[in-house]
Amino acid sequence: MAMATFTSFPLPHLPSILAKPAPLFCRRLSLICFSSKTLIPDLSPLSSSFSTIALLNPCNLHGTHGKVAVKAVSSVAFRHSTADAKAKPKPKNAKKEIERSTVYTGKNVREGVAKSAPPKYSKAARRFYNEHIKAKSDKPDDGPQRLNKVLAAAGVASRRSSDELIFQGKVTVNGTICTSPQTKVDISKDSIYVNGNRLPKRLPHKLYFAVNKPKGYICSCGEEPKSIISLFDEYLKGWHRKHQGIPKPRLYTVGRLDVATTGLIIVTNDGDFAQRLSHPSSQIPKEYIATINGVVNRRHLIAISEGTLIDGIKCVPDFVELLPTQGDASRPRLKIVVHEGRNHEVRELVKNAGLELSSLKRVRINRFRLPSDLGLGKFIQLKDSDMKLLEG
């Protein structure tokens with residue numbers, strides 16, 4: 001049997017060849033035998049009579065009676081790769097990816113501009129709609145609720161004051177005087193009157209605000225001129241113009257801050273949320289920055305960390321740290337983290353350690369931190385991501 005030498009040439013990836021039309025990418029691989037028995041592929045183009053070509057494996061050479069022959073049988077690995085390429089499903093967005101990568105020139109410029117035209121609304125506008133309008137304003141009502149809760153949500157009075165109105169017989173449901181605050185009503189279906197005034201068919205949606213409380217303001221829902229709710233007078237003044245047919249929300253603070261304490265406090269009209277966030281069983285950490293008059297020593301930090309008695313209950317902080325000096329501020333500052341939320345807890349801890357408190361500011365509730373650019377007396381409406389930081 002005659003011996004032959006074969007010179008190999010790099011070929012494109014075979015599955016990619018199979019995926020393309022034969023007239024454009026295939027070449028006839030006829031083998032020409034020279035006197036030195038060197039096999040060279042013929043890369044001349046196919047004639048129009050050839051529609052398909054059997055791809056040959058050049059390793060399958062058979063010689064008989066001194067002649068060289070090529071067997072048109074592919075290897076097992078080649079057949080497997082061919083089958084995998086045919087069986088591989090095309091991605092659903094293949095057409096979109098092709099359109100994105102298409103370069104439009106000449107007559108296709110107008111068509112390309114039409115396909116790549118920007119959306120009607122900007123990304124910022126869509127995000128604002130999803131976070132402030134769709135996610136909150138369009139939420140359906142919860143269905144039947146207790147009568148006192150509906151009155152409080154409609155801004156008639158607090159839940160306790162609503163109970164008094166119901167007991168006094170000043171509330172009617174579908175023409176009948178109701179004296180039970182636990183009566184289930186559906187404001188969208190039932191006719192509810194308070195002191196002869198009918199309640200609207202829609203309740204205000206849930207609102208959540210973060211306020212940077214100034215010094216001297218109190219946490220009260222009344223008509224006091226220096227209550228935290230009075231900071232929302234301008235916001236509520238144009239409520240009926242923006243929300244026609246919906247009563248003004250009754251806002252109140254979540255928890256309390258001392259009149260001399262500044263910083264972060266949450267304002268909402270969602271009673272269930274306020275109860276979850278402020279109840280001691282929630283164990284939500286709150287971070288305070290305490291500015292001290294005088295020098296702070298190690299024994300002071302130990303005394304604060306050991307805790308103190310408040311109303312007969314031992315209160316121990318989660319974390320105490322002496323912060324580094326900040327700029328020209330000469331007074332030392334302490335970072336104190338508590339979770340119980342007892343009345344005057346941080347002030348009592350500092351006082352029990354023998355230190356004099358100059359100022360106190362709350363900067364964090366759970367994982368939500370007071371924005372550094374939020375001025376005193378200002379507020380921001382919380383987004384869904386902020387709510388997850390508060391409750392998560």
Legend entry - Ion pair Asp163/Arg146, N-O distance below 4.0 Å: no
Inset, instruction - Of all the heavy-atom pairs spanning Ala154 and Leu199, show the shortest one and how long it is. - result: CB-CD2, 3.9 Å
Inset, instruction - Give a yes or no on whether Lys215 atom NZ has more than 12 heavy-atom contacts from other residues, nucleotides or ligands under 6.0 Å away. - result: no
Inset, instruction - Please indicate whether Ile177 has more than 12 foreign heavy atoms, meaning atoms of other residues, nucleotides or ligands, lying under 6.0 Å from its CD1. - result: no
Inset, instruction - Using a cut-off of 6.0 Å, state whether more than 12 heavy atoms not belonging to Asp311 lie near its atom CG. - result: no
Inset, instruction - Scan side-chain atoms only and decide if Tyr252 and Asn269 contain a donor-acceptor pair under the 3.5 Å cut-off. - result: no
Legend entry - Spatial distance of atom OG1 (Thr291) from atom CG (Leu323) [nearest 0.5 Å]: 9.0 Å
Inset, instruction - Find the distance between CD1 (Ile228) and CD1 (Ile218) and round it off to the nearest 0.5 Å. - result: 8.5 Å
Inset, instruction - Could you check whether the rings of Tyr208 and Phe273 sit parallel, tilted or perpendicular, using 30° and 60° as the cut-offs? - result: perpendicular
Legend entry - Arg256 atom CZ: more than 12 heavy-atom contacts under 6.0 Å: no
Inset, instruction - Keeping the roles fixed (side chain from Asp270, backbone from Asp272), state whether a donor-acceptor pair exists under 3.5 Å. - result: yes
Inset, instruction - Look at atom NZ of Lys189 and say whether more than 12 heavy atoms of other residues, nucleotides or ligands are closer to it than 6.0 Å. - result: no
Legend entry - Asn352 to Ala303 - nearest heavy-atom pair and separation: ND2-O, 4.4 Å
Legend entry - Beyond-backbone contact of Thr325 with Pro332, side-chain heavy atoms, under 4.5 angstrom: no
Inset, instruction - Please confirm whether the backbone N or O of Ala157 pairs with a side-chain atom of Ser161, one donor and one acceptor, at under 3.5 Å? - result: no
Legend entry - Lys184/Asp190 under salt bridge (Lys or Arg N to Asp or Glu O under 4.0 Å): CA gap, chis, key distance, verdict: CA-CA 10 Å; Lys184 295 285 186 177; Asp190 297 326; over 6 Å; no
Legend entry - Flag if over 12 foreign heavy atoms under 6.0 Å of CD, Gln182: yes
Legend entry - Cationic N near anionic O, under 4.0 Å, Arg276 to Glu391: yes
Legend entry - Polar side-chain atom of Lys170 near backbone of Glu164 as donor-acceptor pair, under 3.5 Å: no
Legend entry - side-chain hydrogen bond (donor to acceptor under 3.5 Å, both in side chains), paired with Thr261, selected from Lys361, His344, Arg347: Arg347
Legend entry - Residue pair Ser188 / Asp186, side-chain donor-acceptor N/O under 3.5 Å: yes
Inset, instruction - Check Leu322 against Arg333 and note the closest heavy-atom contact, atom names and distance. - result: CD1-O, 3.5 Å
Inset, instruction - Please name the pair of heavy atoms, one in Pro214 and one in Leu231, separated by the smallest distance, quoted to 0.1 Å. - result: CD-CD1, 4.3 Å
Inset, instruction - Using modelled atom types only, decide if a donor and an acceptor are shared between the side chain of Arg362 and the backbone of Leu264 within a distance under 3.5 Å. - result: yes
Inset, instruction - Indicate yes or no: does Glu348 engage Lys351 in a salt bridge with an N to O separation below 4.0 Å. - result: no
Inset, instruction - Side-chain contact test, heavy atoms from C-beta onward, threshold under 4.5 Å: evaluate it for Ile266 versus Ile365 and give yes or no. - result: yes
Inset, instruction - Taking the side chain as every heavy atom from C-beta outward, state whether Leu355 and Ile304 have any atom pair closer than 4.5 Å. - result: yes
Legend entry - Salt-bridge present (Arg369, Glu287; N to O < 4.0 Å): yes
Legend entry - Minimum heavy-atom distance between Cys315 and Arg342, given as atom pair plus value: SG-CG, 3.5 Å
Inset, instruction - Kindly assign one of parallel, tilted or perpendicular to the pair His243 and Trp239, based on the angle between their ring planes and the thresholds 30° and 60°. - result: parallel
Legend entry - Heavy-atom side-chain contact between Gln381 and Leu207 under 4.5 Å: yes
Legend entry - Same cluster (ILVMFWY, side-chain, under 4.5 Å), Leu374 and Met387: yes
Legend entry - Distance-minimising heavy-atom pair for Gly255 and Ser278: N-CB, 4.1 Å
Inset, instruction - For the residue pair Tyr288 and Val338, establish whether any side-chain heavy-atom pair is separated by less than 4.5 Å. - result: yes
